[in-house]
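The next block holds one structure in the form of structure tokens; read it before the comments.
Excluded from the calculations below are hydrogen atoms, water molecules and symmetry mates; all remaining heavy atoms, backbone and side chain alike, are included. Order of the sequence lines fixes the chain letters, A, B, ..., with proteins taken first and strands second; residue numbering starts at 1 for each chain. Since we're looking at a predicted model, the values are computed, not measured.
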There are 2 protein chains.
Amino acid sequence: MRLRYIELFHAVLSTGSLTGAANLLNISQPAASKALQQAENHLGFPLFSRVRGRLQPTQQALLMRHHIDRIMQEMYDLQRLSTNIARPESHPLRVTCTPTLAQTLVPDAIARLGKVYPDTSIELYTQHSAAMCESLMLRESDIGLTLQDMSRHGLLQQSLCDGSIMVIAPPGWWPERDLAKPLPISALAGQPMIGITVQDAMGNMLHGHLAEVEPAPRAHVWVQTYQLACSLVARGGGLALVDPFTARCSKEPLQTRPLKLQLDVTLRAVYRPDSPLNGVQTRFLDYVREFAQSLLA
Amino acid sequence: MRLRYIELFHAVLSTGSLTGAANLLNISQPAASKALQQAENHLGFPLFSRVRGRLQPTQQALLMRHHIDRIMQEMYDLQRLSTNIARPESHPLRVTCTPTLAQTLVPDAIARLGKVYPDTSIELYTQHSAAMCESLMLRESDIGLTLQDMSRHGLLQQSLCDGSIMVIAPPGWWPERDLAKPLPISALAGQPMIGITVQDAMGNMLHGHLAEVEPAPRAHVWVQTYQLACSLVARGGGLALVDPFTARCSKEPLQTRPLKLQLDVTLRAVYRPDSPLNGVQTRFLDYVREFAQSLLA
DNA sequence: CGGCACCCACAACCGACGGTTATGCCATCT
DNA sequence: AGATGGCATAACCGTCGGTTGTGGGTGCCG
């Protein structure tokens, strides 16, 4: 099975036509046509049935689709990896963090770092945990910052700071004098809430604890990011449970209270085990840790 | 990144030399040499350092190794899949089962089926669960028989028979009259046992329950298959917990007792959701179910 | 219905790439 | 020193992947 056939098959299935595939691969349409015939020849069964001048994938072709999509993905990943290996590591600091942390914490740390190392080039990405893991493994970035546990995948991680889940509410929801008092989770019973659908350990933990409250809080709106939850809460959509960074950093007018049942959240730096952190990188993490701790103090 | 480069890289790393790789790929050594240079050219960094006339993989090359091995595996799988798709389905019955079930149960069913359908060609493989899953997905076999839960992976499964874990011992271990009496798990405390290291749900379950016994059973020998455990037990190595099929079917002289704490084991048939079972296949499963039930009665 | 746009297949042609054989150099081993 | 094994280079060649050009079929419009 030639790789060319795989690419072509993939291109035809994603564009829907042979000419489209040819354009995608930057070859002429007859070349694609010939290659497709060769592929079918080679395989011993037709991949597409020519019906009314169009290509329609065969049953057998569809059986191979998942496999071929995977291979294309792998090839693409390898491409990324190899270019990142080839690129001279002139960038001493490439950071990827979750959207939550990109709100204020990481920009603050980067700004401060820029003053100390004015000539250092810095790259900052925001990604969710799966993409972050890929980015690190494929050497597109060197440090990941997340609230998730990522000790799987063969990555090293280092705890920077501990905090705990907070409850946020529209302004005026609680009397001012109660804001420092931890809120028992039972107080959420029957309350209108913004649900978090994010598929990570923290989301599951929240979900589990909320499920025990009786009567269950009423969540009509479900969102994927903590930041969105903030915006909705500020507009009176109800309460929400969010990580402490989002709670502190949000620009929205919000009330924030700790939860009595302390649900820990840890800010972690993640990096590859084979490349120890250089001076700029460790300094950066120092700043992040410092800012985080002062933020949660 | 040409596929040829990937194959070559893989071949060099697995044979250790360029000429070896060339032989593996059925090309001449100069061709391999040129291709390798092209690959390094294309990537922008050397894959091997030529030291004293030999090739030594670079640090960068080793970074790509896992990825490339995966891709080669995927390509190989695709190859298998496509040939199995191409092959006209002249084999109405291709079965794969675990070694345990291949002992007597499956051969019995096949023998009986052969009398009813004397002209049917039958293929029988024995594989462990991961390989079984692959074999089914790649259409090398049509039905899998296992004691594992394989509802993941998008496969359908059908329960054929239920049994429970048994304790086996060397002959004369227990008085004859006790053999029907269920043994409480606490009776295993401090006993010499054969450990099972098989990495499946059942193995974990056994491990979990044994961990609770105080004092813990003494397992000096660990084996990977239930059959091996039988052999060792028969030779006086101690007790063991095994699935009921192994317990009943073993040719070794053994004593078998049920466990008081009933740990269920289910015999399952697994198959692809897209290809419903034909007549021969359902008949075969009927026989397996029948034999299994009579065996465990 | 004619015109048009789109899509696929076939033919003829060409350059580059993947392969070959032959040879030389270097290191290691006896 | 000679033999052996491994890699690189050179010269050569056929095939394969690409091109342009063309034709036929289908569907959509005026």
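- Partner A:Glu74 forms a side chain to side chain contact (heavy atoms under 4.5 Å, CB included) with one of B:Glu74, B:Gln73, B:Met75 and no other, that one being B:Glu74.
- Distances from the side chain of A:Leu18 to the nucleotides C:dC8, D:dG18, D:dT20 place C:dC8 closest.
- Between the base of C:dA9 and the side chain of A:Gln29 there is a donor-acceptor pair shorter than 3.5 Å.
- A donor-acceptor pair shorter than 3.5 Å cannot be found between the side chains of A:Thr19 and A:Gln29.
- Using a 4.0 Å heavy-atom cutoff across all strands shown, A:Thr19 reaches sugar-phosphate atoms only and no base atom.
- Checked against C:dA9, D:dT9, D:dG17, the side chain of A:Arg50 finds its nearest nucleotide in C:dA9.
- When rounded to the nearest whole Å, the span between CD of A:Gln56 and P of D:dT26 equals 15 Å.
- Side-chain atoms of A:Ser141 and A:Ser135 form a donor-acceptor pair, as typed in the model, at a separation below 3.5 Å.
- Between B:Gln38 and C:dG18 there is a side-chain polar atom (N or O) within less than 4.0 angstrom of OP1 or OP2.
- Here the nucleotide nearest the side chain of B:Gln37, chosen from D:dA8, D:dG18, C:dC10, is D:dA8.
- Here A:Ser28 reaches the OP1 or OP2 of D:dT19: one of its side-chain N or O atoms lies under 4.0 Å away.
- Between the side chains of A:Thr100 and A:Thr98, no donor-acceptor pair is found at a separation under 3.5 Å.
- Residues A:Lys34 and B:Arg54 each lie close to DNA chain D; by heavy-atom proximity, the contact nearer the 5' end of the strand is made by B:Arg54.
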